[in-house]
Protein chains: 2
Amino acid sequence: MRRKTAEEYIEAIFRIQLNEGGKASTGMIAATLGVSPPSITEMLKKLEREGLVFYEPHAGVRLSQKGQRIAERLSMRHALLASFFQSIGVSPERAERDACQIEHHISEETIARIDEFMQKCRDEKKGEPFV
Amino acid sequence: MRRKTAEEYIEAIFRIQLNEGGKASTGMIAATLGVSPPSITEMLKKLEREGLVFYEPHAGVRLSQKGQRIAERLSMRHALLASFFQSIGVSPERAERDACQIEHHISEETIARIDEFMQKCRDEKKGEPFV
DNA sequence: GATCTAATTTAGGTATACCTAAATTTTTAA
DNA sequence: TTAAAAATTTAGGTATACCTAAATTAGATC
């Protein structure tokens, strides 16, 4: 299976923090990402070195401000993309999955244009799907 | 720098074959991808083992039918995505670059919906940009 | 046709994200 | 409070896409 990126780790931690409130545990992250606990420990150390999380062995991990900003940016992109895909008739599950991938690879500019476009469509026909 | 995927190798070979007609050389692929020639040689052997290319040492490489199908599919996705992004006001360069990334991560279903959507917009206002 | 040059491959090595097994720490329960 | 169970980390190893340097092969020039 494909290797997980730092962004995927950050997203997993972000969601666990939201659901559980507070810190994310090694085991939860491992389960979320489908990666073994030792690999998680290793990666958490790396993310800490990069200033993305605060990690205390045996106690859990939480996002730093920098990590939080990245997670929130990804979260917004995700929501926008999933919403757009559904608007043009993509199934909710597929829209969700595609958003999950594409949020990591799309530029700020294109995100902004999709956002404007959705807004424009909402203004024209209120609430109706585009298609 | 990020590691190149098999799909990126296939695309590079595809474009070189088109431009040069016939086979792609190790050197051309290396220059296209920004990867050293020895790494290219290594990867070509792997792609051959996977049935994606025909590779003859010192003579060059060309896509197998399987490789060709993948390249053409990526090429179509790329064109559709770049066209869509430009339609909503993304700059040509950015549209191009984003398409280059996203073509690898978007589902068949979403591609189909974007295609239909573009078609519908063309039918309504002929030739005008969407925004 | 021999030699010189350029392209390619071989050889050997690095970094990194993963893994399993074993050791340790923390938590739970008797 | 201590023993058992669960979670986590440490130790050690693998696979792979990359690299540089050296060897080889192919093509050009004299």
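This is a predicted model, so every value here is computed, not measured. By convention in this document, chain letters (A, B, ...) are assigned in the order of the sequence lines, proteins followed by strands, and residues within each chain are numbered from 1.
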Cationic N near anionic O, under 4.0 Å, [X] to [Y]:
X     : Y     : result
A/R3  : A/E8  : no
B/K46 : B/E50 : yes
B/E48 : B/K45 : no
B/E11 : B/R15 : yes

Between [range] and DNA chain D, which residues have a heavy-atom gap below 4.0 Å?
range                     : value
residues 26-37 of chain B : B/G34, B/V35, B/S36
residues 43-56 of chain A : A/K45, A/Y55
residues 5-16 of chain B  : B/Y9

Side-chain donor/acceptor of [X] to backbone N/O of [Y], under 3.5 Å:
X     : Y     : result
A/T32 : A/M28 : yes
B/T26 : B/P37 : no
A/S25 : A/G60 : no

N/O (side chain, A/S25) to phosphate O (OP1/OP2, D/dT8) under 4.0 Å
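The answer is yes; a side-chain N or O of A/S25 sits under 4.0 Å from OP1 or OP2.
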Think B/S39 has a side-chain N or O under 4.0 angstrom from the OP1 or OP2 of D/dC18?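 Answer no for this pair, as no side-chain N or O of B/S39 is under 4.0 Å from OP1 or OP2.
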Checklist line | 5'-most by nearest nucleotide on DNA chain D - A/R3 or B/R2 | finding: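 The answer here is A/R3.
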Measure [atom1]/[X] against [atom2]/[N] and give the value in whole Å, please.
X     : N      : atom1 : atom2 : value
B/K23 : C/dA7  : NZ    : P     : 18 Å
B/I40 : D/dC18 : CD1   : P     : 8 Å
B/H58 : C/dA7  : NE2   : P     : 13 Å

Output for pair (A/E42 CD, A/L47 CG), nearest 0.5 Å, gives 11.0 Å
Worksheet entry | Polar contact flag, side-chain donor to acceptor under 3.5 angstrom, A/H78-A/E96 | yes
Report yes if the distance between the aromatic ring centroids of B/Y55 and B/Y9 is under 6.0 Å, otherwise no. no
Checklist line | Ring geometry between B/F84 and A/F84 (parallel below 30°, tilted from 30 to 60°, perpendicular above 60°) | finding: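 Parallel.
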So what does A/P38 touch, heavy atoms closer than 4.0 Å: a base, only the sugar-phosphate, or nothing? base
